[in-house]
Amino acid sequence: MKLKEIIVVEGRDDTTAVKRAVDADTIETNGSAISMETIEAIKLANETRGVIVLTDPDFPGQKIRNTIERHVPSCKHAFISKDKALHKHGKGVGVEHASVEVIREALKDAHHMEEDIVEQITKEDLLDAQLVGGPGSKERREKLGRILKIGYTNGKQLHKRLMMFNITKQDFAAAVNAIWQEEKDV
């Protein structure tokens, strides 16, 4: 599987994991304090070939993603859920621990963030779906992020993430129904 886009990852181990999964070039941020030189390289890569950001599903990974989005808003974003990025002995979380299949799936499902945001899903919809402010809401948000392929987010950021990725009311409703069905079957 050869990718035209350049994949932005955090470090060398992530590059190794991505190259096991796909034939692609990478840019490494080397941590969450991204240099302006790296930002410029990402801008050039996005203009010439396109960029997919694939960072770890943790706070530093989200910080890197936010920095890139601020400077290069037209790049795509791929997400791996935390449970698919755990070290097999529980020693850390990261892209480097994800399987080849998980990395391929994440890259295949990469999204563009939307600048002109239209609210299709309200904060009230999130409350009604019990995705915020109640018992089990964190687990439901994790499932929602996995189903919609938008990654995990906390309750405060969920509404923004759904709008950024232009998730439709229908897709949201289908995902929520799948979560409730799964809970009912347990």
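Keep in mind that the numbers below use all heavy atoms, side chains included, and drop hydrogens, waters and symmetry copies.
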Minimum-distance pair of heavy atoms, taken over all atoms of [X] and [Y]:
{"X": "Pro57", "Y": "Val93", "answer": "CG-CG2, 3.8 Å"}
{"X": "Gly61", "Y": "Glu10", "answer": "CA-OE2, 3.4 Å"}
{"X": "Ile34", "Y": "Gly31", "answer": "CG1-O, 3.9 Å"}
{"X": "Ile103", "Y": "Val95", "answer": "CD1-O, 4.0 Å"}
{"X": "Glu28", "Y": "Thr15", "answer": "OE2-OG1, 2.7 Å"}
{"X": "Ala78", "Y": "Ala106", "answer": "CB-O, 3.3 Å"}

When you compare the side chain of [Y] with that of [X], does any pair of heavy atoms fall below 4.5 Å?
{"X": "Cys75", "Y": "Ile42", "answer": "no"}
{"X": "Lys149", "Y": "Phe79", "answer": "no"}
{"X": "Thr29", "Y": "Thr67", "answer": "no"}
{"X": "Lys143", "Y": "Glu183", "answer": "yes"}
{"X": "Gln157", "Y": "Gln62", "answer": "no"}
{"X": "Asp14", "Y": "Thr26", "answer": "no"}
{"X": "His97", "Y": "Asp13", "answer": "no"}
{"X": "Leu158", "Y": "Leu131", "answer": "yes"}

From [X] [atom1] over to [Y] [atom2], what is the distance, rounded to the nearest 0.5 angstrom?
{"X": "Thr153", "Y": "Glu142", "atom1": "OG1", "atom2": "CD", "result": "11.0 Å"}
{"X": "His71", "Y": "Met36", "atom1": "NE2", "atom2": "CE", "result": "5.0 Å"}
{"X": "Leu162", "Y": "Lys160", "atom1": "CG", "atom2": "NZ", "result": "12.5 Å"}
{"X": "Arg141", "Y": "Ile179", "atom1": "CZ", "atom2": "CD1", "result": "11.0 Å"}
{"X": "Ser74", "Y": "Lys43", "atom1": "OG", "atom2": "NZ", "result": "10.5 Å"}
{"X": "Leu148", "Y": "Asp171", "atom1": "CG", "atom2": "CG", "result": "6.5 Å"}

Do the side chains of [X] and [Y] join up, straight or via other hydrophobic residues, at under 4.5 Å, putting them in one cluster?
{"X": "Val9", "Y": "Ile52", "value": "yes"}
{"X": "Leu3", "Y": "Val18", "value": "yes"}
{"X": "Ile150", "Y": "Tyr152", "value": "no"}
{"X": "Leu54", "Y": "Val100", "value": "no"}
{"X": "Val53", "Y": "Ile7", "value": "no"}

### Task
Could you tell me whether Lys2 atom NZ has more than 12 heavy atoms of other residues or ligands within 6.0 Å of it?
yes
### Task
Quick one: do His77 and Thr55 satisfy side chain to side chain contact (heavy atoms under 4.5 Å, CB included)? Show the steps, please.
CA-CA 9 Å; His77 292 264; Thr55 57; over 6 Å; no
### Task
Hey, could you give me each pair passing salt bridge (charged side-chain N to carboxylate O under 4.0 Å, His left out) that has a residue in residues 44-64? Not counting sequence neighbours.
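Output for this query lists Asp25-Arg49.
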### Query
Tell me, which pairs form a salt bridge (charged side-chain N to carboxylate O under 4.0 Å, His left out) where one or both residues lie in residues 121-132, sequence neighbours left out?
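Listed once each, the pairs are Asp125-Lys169.
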### Query
Is it true that Glu101 and Arg104 make a salt bridge, defined as a side-chain N closer than 4.0 Å to a carboxylate O?
no
### Query
Quick one: does Lys19's side chain have a donor or acceptor within less than 3.5 Å of a partner on Ala24's backbone?
yes
### Query
Under 3.5 Å, is there a donor-acceptor pair between the side chain of Arg140 and the main chain of Pro135?
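Indeed, once roles are kept as given, a pair shorter than 3.5 Å links the two residues.
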### Message
Please evaluate residues Asn30 and Thr38 with respect to the criterion side chain to side chain contact (heavy atoms under 4.5 Å, CB included), reporting the C-alpha separation (whole Å), side-chain torsions for both, the decisive distance (0.1 Å), and the verdict.
### Response
CA-CA 9 Å; Asn30 298 311; Thr38 301; 5.6 Å; no
### Query
What is the ring orientation for His111 with Phe165, classed by angle as parallel under 30°, tilted 30 to 60°, or perpendicular over 60°?
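His111 and Phe165: tilted rings.
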### Task
Start with the C-alpha gap between Asn177 and Gln181, add the side-chain angles, then the distance that decides, and say whether side-chain hydrogen bond (donor to acceptor under 3.5 Å, both in side chains) holds.
CA-CA 6 Å; Asn177 286 337; Gln181 186 62 46; over 6 Å; no
